[in-house]
Each structure stands twice: as structure tokens, then as C-alpha cells.
Amino acid sequence: MTQYLKLFVRLALIAITVFFLGKTLLANWQEVKTLELQSKAWLFGGAALGIAIAAQVWIAFVWGWILETLQNPVSSSWSISTFLKNTPAKYIPGNFWHMVGRFKAAKDEGLSLESVALSVLLEPMLIIGGALLLALLNTSYPGLKGLSLGLILIGLHPWGINKLWR
């Protein structure tokens, strides 16, 4: 019975998502028809898609390394395939289904759920820390750079992570 309920919920979420995408496309179809894409737009779009895919693969590697650091060694192919299979679920309303998918895959793999939870939390923290570091490199206030960098390093240090984890 619960198997049919899960299938129904999945199909309902997909149907609702497709419905809203279709409704939005129909409402704005005249504006979409007026778009003229030049050859450079296709080139830049392809380059952006390539960079986005490379970034997702890199994040999957990092997630695998985090799991390995937490005494859950997994193969690179497993971490990449699991991460990339679950990444599209980020865009389902709620923005947590990709994490649920990774938990489920880790449970099927026999990994410690506590360390998987920590790895799922650490991965975006590292990305945010890296993005903040890049943003700080472009600021002209040296005091702000030092303070912010210190806060980022404290937050990503095991002491800071332990405080947040508790």
C-alpha cells in the first residue's frame, strides 16, 4: 500500500511541476516567440552549460572526499553518480529532495547516516565559504576582509563545526 502511495505522490509532484511550467510557458509564449538568439548566444550558452556541469562534477568529488574524511570511503564513481542523479531534485518545491535522495543512496550503500548528514551539511558550507572568499577578494576594505575571512575559517574549522553540530 505504501509503495502505491509513494508512487502516487511522486507522480503528483511531477504532474504539478509540469502543469505550472506549461502554464507559465503558455502565459508568456508571445514573448518567447520574439526572442532571437544569435550564434554567440548559443556559444555562450554552451560554455555556461559546460561550466555548470563541470562545477557539479567537482562538487560531487568534494562530497565524496568529505565522506572519505568521515571514515566512509566510497568510490568516486559512486559519489558522482549519486550526486548527479539527485541534483535535479533541488528544483522540486521544497529544495531538500536532493538531500533525501543522497540519504537513501547512502543507506542502501551501508554508510553511517550521521556522517552522511554531516557531509550533506558540510558540502554547502564549503561552497558558501569559497564563494564568500572569492567575494572578499574583490572588496576594498582590508578590515572587512580579515574579519570575514576569520569568521569563515572559524565556521569551517572542526571546533566551529562541532559547536554547530551540537
Side-chain angles (χ1 to χ4, degrees), residues 6-69 73-106 108-109 111 116-149 151-153 155-156:
K6 286 181 182 179
L7 179 64
F8 176 75
V9 169
R10 285 181 185 171
L11 291 176
L13 283 171
I14 291 170
I16 290 169
T17 303
V18 169
F19 171 75
F20 282 110
L21 286 174
K23 183 180 174 200
T24 303
L25 185 62
L26 282 175
N28 299 302
W29 182 246
Q30 294 303 321
E31 294 173 20
V32 172
K33 279 181 24 179
T34 62
L35 291 175
E36 293 181 29
L37 296 178
Q38 300 170 352
S39 60
K40 276 188 175 181
W42 289 106
L43 178 70
F44 291 144
L49 180 64
I51 290 169
I53 290 171
Q56 292 300 313
V57 170
W58 176 253
I59 294 169
F61 267 119
V62 170
W63 182 57
W65 291 334
I66 292 170
L67 283 172
E68 190 175 319
T69 303
V74 294
S75 67
S76 296
S77 61
W78 181 85
S79 67
I80 292 172
S81 65
T82 301
F83 189 88
L84 293 179
K85 283 178 195 173
N86 292 300
T87 296
K90 284 181 184 180
Y91 306 104
I92 296 175
N95 193 19
F96 69 93
W97 294 105
H98 64 287
M99 293 180 195
V100 173
R102 285 197 263 169
F103 274 107
K104 193 172 187 181
D108 293 344
E109 192 73 13
L111 302 178
V116 171
L118 184 58
S119 74
V120 167
L121 291 173
L122 276 176
E123 175 248 325
M125 285 176 57
L126 289 171
I127 292 170
I128 291 168
L132 285 172
L133 185 62
L134 286 175
L136 288 173
L137 292 176
N138 292 322
T139 186
S140 59
Y141 302 109
L144 180 64
K145 280 184 186 179
L147 176 68
S148 301
L149 183 59
L151 290 174
I152 291 169
L153 291 176
L156 294 177

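Going from atom OG1 of Thr24 over to atom CZ of Phe19 covers 9.0 Å, rounded to the nearest 0.5 Å. To the nearest 0.5 Å, atoms CD1 (Ile59) and CD1 (Ile127) are separated by 3.5 Å. If you take CZ on Phe44 and CG on Leu49, they are separated by 15.0 Å, rounding to the nearest 0.5 Å. Taken to the nearest 0.5 Å, the CD atom of Gln30 stands 10.0 Å off from the CG atom of Asn28. Interatomic distance, Trp29 CH2 to Thr34 OG1, rounded to the nearest 0.5 Å: 10.5 Å.
Remark: the backbone N or O of Ser79 is not paired with any side-chain donor or acceptor of Thr82 at under 3.5 angstrom.
Considering only residues two or more places apart in sequence or on other chains, Phe103 meets the ring pair (Phe, Tyr, Trp, His ring centres under 6.0 Å) condition with none of them. Evaluation of the side-chain contact (heavy atoms from CB on, under 4.5 Å) rule for Asp108 yields Lys104 as partners, not counting sequence neighbours.
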Given Ile66 and Glu123, is the side chain to side chain contact (heavy atoms under 4.5 Å, CB included) satisfied, shown in steps? CA-CA 8 Å; Ile66 292 170; Glu123 175 248 325; 4.2 Å; yes

Derivation and outcome, side chain to side chain contact (heavy atoms under 4.5 Å, CB included), residues Phe83 and Val57: CA-CA 8 Å; Phe83 189 88; Val57 170; over 6 Å; no

Would you check, one step at a time, whether the test side chain to side chain contact (heavy atoms under 4.5 Å, CB included) holds for Trp65 with Leu126? CA-CA 12 Å; Trp65 291 334; Leu126 289 171; over 6 Å; no

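The two residues Trp63 and Ser119 come nearest to each other via the heavy atoms NE1-OG, 3.0 Å. Of all non-hydrogen atoms in Asn86 and His98, the two that sit nearest each other are O-CB, 2.9 Å.
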